[in-house]
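Just so it is clear: chains get the letters A, B, ... in the order the sequence lines come, proteins before strands, and each one is counted from 1.
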Protein chains: 2
Amino acid sequence: MEKRIYTPGVIHRLSMYLRYLSQLDDVGRITVSSREMSDAVNVNSAEIRRDLLTFKASGKRGVGYDVKALISKFNEIIGTQEQTNIILVGAGNLGAAIINFDALKKHGFVIAGVFDKDARKIGKEVGDKIVQPMDKVKEVVMDSNVKTAIIAVPSSAAQNTAEELAKAGIKVILNYTSARIEPLPGVMIQTTDPVEKLLHTLYYLKKTGSA
Amino acid sequence: MEKRIYTPGVIHRLSMYLRYLSQLDDVGRITVSSREMSDAVNVNSAEIRRDLLTFKASGKRGVGYDVKALISKFNEIIGTQEQTNIILVGAGNLGAAIINFDALKKHGFVIAGVFDKDARKIGKEVGDKIVQPMDKVKEVVMDSNVKTAIIAVPSSAAQNTAEELAKAGIKVILNYTSARIEPLPGVMIQTTDPVEKLLHTLYYLKKTGSA
DNA sequence: TAGATTGTTAATCGATTAACAATC
DNA sequence: TAGATTGTTAATCGATTAACAATC
């Protein structure tokens with residue numbers, strides 16, 4: 001597995017490149033220039049070349065880059081090969097949406113268990129997973145060597161859920177609610193508001209009068 | 001309405017400040033120092049002071065900032081007052097999750113209509129909205145002066161949906177799927193992958209060996 | 001006054017972009 | 001060769017941070 005760590009900005013552009021390159025590959029394109037990629041993904045062509053440089057992907061002057069070579073290079077960097085088990089707490093709409101995102105699978109993350117507090121949800125099938133009660137978390141954490149949990153419960157339940165997860169041995173919590181979670185000893189907490197980027201965009205559109 | 005446009009970075013920090021300040025206000029705190037805020041939201045205290053400067057929020061040296069004053073200032077900047085109507089296409093899990101985010105409401109965005117192609121979903125209640133068929137989009141766009149639509153359909157349907165929306169008079173599309181949408185004349189398209197930030201964080205954790 | 005904390009400047013850091021020689 | 005496009009350097013831009021005088 002590629003060991004270098006890139007900034008979020010670079011990784012973001014990388015996913016955009018990948019998306020566009022897959023489209024090209026689908027229609028049988030062999031090479032692509034930084035100019036073309038620039039037009040398609042709206043990133044300055046010099047920046048693209050510099051990115052490709054840091055990814056150690058090289059092209060042919062006067063010709064461009066090999067589409068398939070870039071795709072396999074990028075997939076390697078994103079780390080699709082190595083599987084990482086995570087669990088998901090909260091089988092509501094947001095949780096269900098997360099289960100169904102193939103982007104997670106595509107990036108090598110496997111949802112090893114889905115949990116919910118709501119007795120009515122337990123035993124139900126969501127996506128291709130069966131919802132389990134919270135007291136099963138510990139077992140799954142041990143059995144599947146899980147360190148990371150995504151919290152997608154109602155904001156009001158976020159803090160409680162985090163504390164339960166900490167007790168069950170979870171080391172990293174991705175808080176996918178809009179509530180702040182108080183620090184817990186020995187646990188890394190990352191809050192990611194699910195609509196944040198949507199809001200930024202809307203905010204921008206509103207201010208510029210386009211929305 | 002405050003007319004200045006701030007960068008996504010600033011707005012992101014602003015929402016974090018707001019979240020923390022509300023907590024303080026709830027427990028009756030009157031003032032807060034940039035140091036305290038810094039500890040709570042993990043942003044350098046100098047940066048916080050500079051942010052507050054650009055927001056034209058002032059404090060008292062040796063004391064700190066007034067909590068309530070900051071809150072109302074920030075709400076003003078985010079533009080909660082002025083309502084903007086938008087529509088949502090796609091009443092699946094992701095769509096339902098979007099409807100239930102009060103963050104949208106809190107920032108002054110009103111979902112004026114929810115639409116879906118799937119005949120089985122039409123007429124059903126999702127959140128507090130009734131799902132309508134796609135051929136009603138035009139009507140709602142006209143009646144409620146809607147320019148902006150959020151697309152939360154399966155990736156495979158994104159392009160088609162965008163084209164239909166363009167025909168119905170939509171000017172701005174927020175593509176909340178992981179598919180790329182080809183440019184459409186007269187329409188601004190913004191793609192926001194719903195799990196992107198989640199993936200970045202996971203990617204980072206994986207590479208550092210913490211996940 | 002003494003201690004704390006703001007307001008603000010200047011330094012640093014990192015990311016983006018322009019430009020162009022190298023070379024296919 | 002002529003045209004195109006990479007690879008790479010240097011310039012620019014913007015965001016973050018350290019530092020500290022002003023002042024509550």
Enquirer: Starting at the 5' end of nucleotides 1-11 of chain C, put B wherever the base has a protein heavy atom under 4.0 Å, S where only the sugar-phosphate does, and a dash everywhere else.
Expert: ---BBBBB---

Enquirer: List in chain and number order the residues that pass ring pair (Phe, Tyr, Trp, His ring centres under 6.0 Å) with B:Tyr20, two or more places apart in sequence or in another chain; answer none if no residue qualifies.
Expert: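 Partners of B:Tyr20 under the ring pair (Phe, Tyr, Trp, His ring centres under 6.0 Å) test: none.
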
Enquirer: Quick one: are B:Tyr17 and B:Leu70 in side-chain contact, heavy atoms under 4.5 Å?
Expert: no

Enquirer: With sequence neighbours excluded, give me every salt bridge (charged side-chain N to carboxylate O under 4.0 Å, His left out) pair touching residues 89-107 of chain B.
Expert: none

Enquirer: The criterion is side-chain hydrogen bond (donor to acceptor under 3.5 Å, both in side chains); which residues satisfy it with B:Asn100, sequence neighbours excluded?
Expert: none

Enquirer: Go through the structure and list residues passing side-chain contact (heavy atoms from CB on, under 4.5 Å) with A:Asn160, not counting sequence neighbours.
Expert: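 Expected list: A:Lys117, A:Glu163.
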
Enquirer: With sequence neighbours excluded, what pairs up with B:Thr201 under the side-chain contact (heavy atoms from CB on, under 4.5 Å) test?
Expert: A:Leu174, A:Gln190, A:Thr192, B:Leu205

Enquirer: How would you list, by chain and number, every residue that makes a side-chain contact (heavy atoms from CB on, under 4.5 Å) with B:Ser22, sequence neighbours excluded?
Expert: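 B:Ser22 satisfies side-chain contact (heavy atoms from CB on, under 4.5 Å) with no other residue.
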
Enquirer: Rounding to an integer number of Å, can you tell me how far A:Asp51 CG sits from C:dT17 C1'?
Expert: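 Roughly 12 Å, once rounded to whole Å.
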
Enquirer: Side chains of residues 30-37 of chain B: which donor-acceptor partners sit under 3.5 Å, not counting sequence neighbours?
Expert:
unit_1	atom_1	unit_2	atom_2	d
B:Ser33	OG	B:Arg35	N	3.4
B:Ser33	OG	B:Glu36	N	3.1
B:Ser34	OG	B:Arg49	NH1	3.1
B:Glu36	OE1	B:Arg29	NH2	3.0
B:Glu36	OE1	B:Ser33	N	3.0
B:Glu36	OE2	B:Arg29	NH1	3.2
B:Glu36	OE2	B:Arg29	NH2	2.8

Enquirer: Name the stems that DNA chain C belongs to, where each is three or more consecutive Watson-Crick or G-U pairs with both distances under 3.5 Å?
Expert: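 The stems that DNA chain C takes part in, listed by first number, are C:3-24 with D:3-24.
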
Enquirer: Where along residues 12-23 of chain A does a heavy atom come under 4.0 Å from DNA chain C, residue by residue in number order?
Expert: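 Hits under 4.0 Å, by residue number: A:Arg13.
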
Enquirer: Please collect all salt bridge (charged side-chain N to carboxylate O under 4.0 Å, His left out) contacts where either partner lies in residues 166-187 of chain B, sequence neighbours excluded, each pair once.
Expert: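 Listed by first then second residue: B:Arg180-B:Glu182.
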
Enquirer: With sequence neighbours left out, what residues match B:Lys129 under salt bridge (Lys or Arg N to Asp or Glu O under 4.0 Å)?
Expert: none

Enquirer: In whole angstrom, what separates A:Glu47's CD from D:dG14's C1'?
Expert: 13 Å

